[in-house]
Novice: 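Before we start, here is the structure in question, set down as structure tokens.
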Amino acid sequence: MKKPTYYITTPIYYSSGSFHLGHCYTTVICDAIARFKRMDGFDVFYLTGTDEHGQKVQQKAEAAGVTPKQYVDKLYEQIVELWKTLGISYDKFIRTTDDYHEQTVQKIYEKLLAQDDIYKSTYEGWYCTPCESFWTESQLVDGKCPDCGREVKLQKEESYFFRLGKYQDRLIKFYEQNPEFISPKSRMNEMINNFIKPGLKDLCISRTTFDWGIKLPFDEKHVAYVWIDALANYISALGYLQDDCSLFDKFWPADLHMVGKEIVRFHTIIWPALLMALDLPLPKKVYGHGWLLFGNDKMSKSKGNVVDPFVLCGRYGRDVIRYYLLREIPFGSDGVYTNEALIARTNADLVNDLGNLVSRTTAMITQYFGGIVPQPAAYTDLDKELIALCEGTLQRVRADMESLSAPDALADIFKIVQRANKYIDDTTPWTLNKNGDKQRLETVLYVLAECIRFAATLLEPFVPDTSEKIFGKLGLKLPADFGELDRFGRIGEGVVVNKGDNLFNRIDAEKELKELAKLAETDKPDKQTESDAPQITIDDFAKVKLVTARVLSCEKVAKSDKLLVFKLQVGNEVRQVVSGIAQYYEPSYMVGKTVVLVSNLKSAKIRGVESNGMILCAADGKRVVFVTPEQDVDSGKEVR
Ligand code: ME8
């Protein structure tokens, strides 16, 4: 029988920074859904990738002194490594610099031009480069980007426009007829009230002030607006407008675009309008999940509050991280990351509940039956209650996953685990053994082994390594689907368990929290080297005059532990400069040294002493050291 299809996508990730645990959230959720659907009999296509064009990437590459392609190649490798580390089972990884994608985007623009859905004009308005978003004056909040709160720039350039306004009524009608399209529901109201009701304006969809993008085939001065380029990935990855479009025919429209809440707007307004213009069916659902917060803020590189997923996976194993993200963060709303909650969740659910159940059961089978899983005799009411719980769980988990709630699905699966642990306490197999009640002991241990089989099969989408390990311990092979959950009692005769090591080791919370705090301290991003620091142009940089200067004299400033006052030779001129490096240098050591001076800094009085410039120093938190040319250079020479 032909399997039903299921097409699920993550957003494609910006190749303009390093990746943190917040980024992993979308991908891990999609992975659990994709794995669940595969096990549940669907033919799944799970797409992820990287969003590699745009002004932001071009600027970051320039700042790093590499070409944009070299820049995105490095980040591509990093993200592929990250998804490997987290066990992400995507079916395709798309890069927007892939040839087939670029060609599809060009064909889309040509099609839109031919049918008069785009026209040339001039864009004048605000632009947020980190978000790659256009904003009108009235949409700004305190003059800043309403999405990320960063500076916006006034932009005026010749652009092509997409007739987005033309699709306003059709969009509203579509939302009305498909109330599940934007989920959760609150996001639908947000879209309608904040964006649709004020009136949709035509959208600027090309840029001319930089060139790292897909060139428009009919006007090569223009590159495609990065959001149109990016959104098109969902169809170009399937072969849309390419020679082989069999995947497109099979999988489009998407069943689910999973996205963070800040990009719902692009996926529920621009994307469906574009698809309408292309005369294509619309995706079935766009789900806007909440953010992973750190304290009160969104976890993000620019806020310097990121948690490194490589570090966490290295310390605890990927399933601990996957489990935490899927179980602890309430789906749909924001959730705060804390090390404390990660440790508490792991110890309570994975070590105490799941780990104990598996180790106690396999230990007792080993001890009482030489490792061979016994066959059951008659089931009691107590057994039947557990059997009913196991047999009914797939249906409940299916309903949870239908509403995309991994926390509920895991809570339902763990009911088996918790109930089975209680069953051990209720039946006390060690007493049955002591009393020589062999038949009952056989049944009890068989029921436990079956409970573990049910739980471990259902856990595969969420913690695949753990499921695999549990099946290894049970002496069975992890099944490829849920078919064998049709009935309790499938473990046949002669199955030999292998207790082996613990599934999870208890984390010593006090010790671990100290370790993590230490790690966070050493990992703190240096604000100056942060790749999300505000960008400046070469003209901005040129405003800062840096010159070499020779120290003629240096003394402590009276009544100050920190300040030194310097007389500096700068070409023909002598300058007085105050610098806060007294804790790091003896005045006599400085005499004769060459330093780098910011020479056009406004003069200021520091502790009553006039200072005309600033001596450049590097600081690493422990020391402050002055910057000096690598070879001898006369004073007054330009540094650039
Ligand atoms: O938005 N918590 O890419 P991106 C939860 N290129 N999710 C988070 C998060 C956090 N703290 N930080 C980021 C883009 N994310 C575009 C998409 S699609 C056609 C183009 C999520 O790298 C974010 O919400 O900024 C988004 O879903 C994903 O990471 C990629 O974000």
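Whatever order the structure lists ligands and atoms in, that order sets their numbers, starting from 1. All residue numbers in this chain count up from 1 along the given sequence.
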Novice: Kindly indicate, with the supporting measurements, whether the criterion ring-ring contact (aromatic ring centres under 6.0 Å, His included) is fulfilled by Phe93 and Tyr76.
Specialist: CA-CA 10 Å; Phe93 192 106; Tyr76 163 71; 5.2 Å; yes
Novice: With no hydrogens and no angle check, is any side-chain donor or acceptor of Asp229 less than 3.5 Å from a backbone partner on Ala224?
Specialist: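 No.
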Novice: Does any N or O atom in Leu292 lie less than 3.5 angstrom from one in ligand 1, N or O only?
Specialist: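 Yes, there is a polar N/O contact under 3.5 Å.
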Novice: When you look for heavy atoms under 4.0 Å from ligand 1, do you find them on the side chain of Phe266, its backbone, both, or neither?
Specialist: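 It is neither; nothing of Phe266 touches ligand 1.
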Novice: Considering heavy atoms of the protein only, find what lies nearest to atom 10 (C) of ligand 1 and give residue, atom and distance to 0.1 Å.
Specialist: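 Among all protein heavy atoms, the one nearest atom 10 (C) of ligand 1 is Gly22 CA, 3.5 Å.
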Novice: Between Tyr316 and Tyr324, does a ring-ring contact (aromatic ring centres under 6.0 Å, His included) hold up when you go through it step by step?
Specialist: CA-CA 11 Å; Tyr316 314 116; Tyr324 171 81; over 10 Å; no
Novice: Cation-pi check, Arg345 to Tyr323: give yes when NZ or CZ is under 6.0 Å from the six-membered ring centre and within 45° of the ring axis, no otherwise.
Specialist: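 Negative - Arg345 is either too far from the ring of Tyr323 or too far off its axis.
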Novice: If you measure from each non-hydrogen atom of His289 to ligand 1, which part falls under 4.0 Å: side chain, backbone, both or neither?
Specialist: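 The side chain, only.
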Novice: Taking the six-membered ring of Phe181 as reference, does the NZ or CZ atom of Lys285 fall below 6.0 Å from its centre and within a 45° cone about the axis?
Specialist: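 Because its charged atom misses either the 6.0 Å distance or the 45° angle limit, Lys285 does not stack over Phe181.
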Novice: Just which atoms of ligand 1 are under 4.0 Å from any heavy atom in Ala230?
Specialist: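 Contacts of ligand 1 toward Ala230, numbered from 1: 19 (C).
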Novice: Under 4.0 Å from any heavy atom of Asp51, which atoms of ligand 1 are there?
Specialist: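 Those of ligand 1 that fall under 4.0 Å from Asp51 are 6 (N), 16 (C), 20 (C).
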Novice: Could you tell me the residue and atom name of the protein heavy atom closest to atom 28 (C) of ligand 1, and the distance to it rounded to 0.1 Å?
Specialist: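 In this structure, atom 28 (C) of ligand 1 has Tyr13 CE2, 3.6 Å as its nearest protein heavy atom.
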Novice: Identify which of Gly288, Gly260, Gly49 has a heavy atom lying nearest to atom 27 (O) of ligand 1.
Specialist: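 Shortest heavy-atom distance from atom 27 (O) of ligand 1: Gly260.
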Novice: Provide, to 0.1 Å, the distance between atom 21 (C) of ligand 1 and the closest protein heavy atom, together with that atom's residue and name.
Specialist: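 For atom 21 (C) of ligand 1, the nearest protein heavy atom comes out as Thr26 OG1, 3.6 Å.
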Novice: Would Tyr14 count as being in polar contact with ligand 1, using the rule that some N or O on each side must be under 3.5 angstrom apart?
Specialist: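 Min N/O separation from ligand 1 is below 3.5 Å for Tyr14.
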Novice: What is the closest protein heavy atom to atom 11 (N) of ligand 1, and at what distance does it sit?
Specialist: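 Heavy-atom neighbour on the protein nearest atom 11 (N) of ligand 1: Met299 O, 2.9 Å.
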Novice: So do the side chains of Ile12 and Thr96 get within less than 4.5 Å of each other, counting heavy atoms only?
Specialist: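 In contact.
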Novice: Are Lys153 and Tyr127 in a cation-pi setup, meaning NZ or CZ lies under 6.0 angstrom from the ring centre and within 45 degrees of the ring axis?
Specialist: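 Ring-cation test returns no.
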Novice: For the residue pair Phe162 and Tyr167, categorise the inter-ring angle as parallel (less than 30°), tilted (30 to 60°) or perpendicular (more than 60°).
Specialist: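 Judged by the thresholds at 30° and 60°, the geometry between Phe162 and Tyr167 is parallel.
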Novice: Taking the non-hydrogen atoms of Phe19, is any one of them nearer than 4.0 angstrom to ligand 1?
Specialist: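 No, Phe19 has no heavy atoms under 4.0 Å from ligand 1.
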Novice: Is it the case that Lys92 places NZ or CZ above or below the six-membered ring of Tyr100, under 6.0 angstrom from the centre and within 45 degrees of the axis?
Specialist: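 Judged by the rule, Lys92 and Tyr100 form a cation-pi pair.
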Novice: Are any of the N/O atoms in Trp291 less than 3.5 Å from those in ligand 1?
Specialist: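 No; the residue has no nitrogen or oxygen that sits under 3.5 Å from a nitrogen or oxygen of the ligand.
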Novice: Does the ring centre of Phe218 sit less than 6.0 Å away from the ring centre of Tyr160?
Specialist: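 Close enough - the centres of the two rings lie under 6.0 Å apart.
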Novice: With a 4.0 Å heavy-atom cut-off (strictly under), which part of Lys261 contacts ligand 1: side chain, backbone, both or neither?
Specialist: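 The answer is neither; Lys261 stays 4.0 Å or more away.
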Novice: Any atom of ligand 1 sitting under 4.0 Å from a heavy atom of Gly290?
Specialist: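 Per 4.0 Å heavy-atom rule, Gly290 contacts ligand 1.
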Novice: Which one of Trp271, Phe134, Trp227 satisfies the ring-ring contact (aromatic ring centres under 6.0 Å, His included) criterion with Phe266?
Specialist: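 For Phe266, the ring-ring contact (aromatic ring centres under 6.0 Å, His included) check succeeds only for Trp227.
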Novice: Name the one of Glu151, Glu137, Gln139 that satisfies side chain to side chain contact (heavy atoms under 4.5 Å, CB included) with Trp126?
Specialist: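 So the option named by the test is Glu137.
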Novice: Taking the six-membered ring for Trp, are His257 and Tyr234 ring centroids under 6.0 Å apart?
Specialist: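 Yes; Tyr234 has its ring centre under 6.0 Å from that of His257.
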Novice: Checking a contact table here: which protein heavy atom is nearest atom 13 (C) of ligand 1, and how many Å away?
Specialist: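 Scanning the protein heavy atoms, the shortest distance from atom 13 (C) of ligand 1 goes to His23 CD2, 3.6 Å.
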Novice: Among all protein non-hydrogen atoms, which one is nearest to atom 26 (C) of ligand 1, and what is the separation to 0.1 Å?
Specialist: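 The closest one turns out to be Pro11 CG, 3.7 Å.
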Novice: Among all protein heavy atoms in this structure, tell me which lies nearest to atom 16 (C) of ligand 1, with the distance rounded to 0.1 Å.
Specialist: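 Answer for atom 16 (C) of ligand 1: Ile12 O, 3.4 Å.
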Novice: Check contact between Tyr234 and ligand 1, using heavy atoms of the residue and a distance below 4.0 angstrom.
Specialist: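 It does; at least one heavy atom falls under 4.0 Å.
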Novice: In ligand 1, which numbered atoms sit nearer than 4.0 Å to a non-hydrogen atom of Glu262?
Specialist: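 Checking each atom against Glu262, I get 23 (C), 24 (O).
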Novice: Glu132: heavy atom below 4.0 Å from ligand 1, yes or no?
Specialist: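 It does not, in that no heavy atom of Glu132 comes within the 4.0 Å cut-off of ligand 1.
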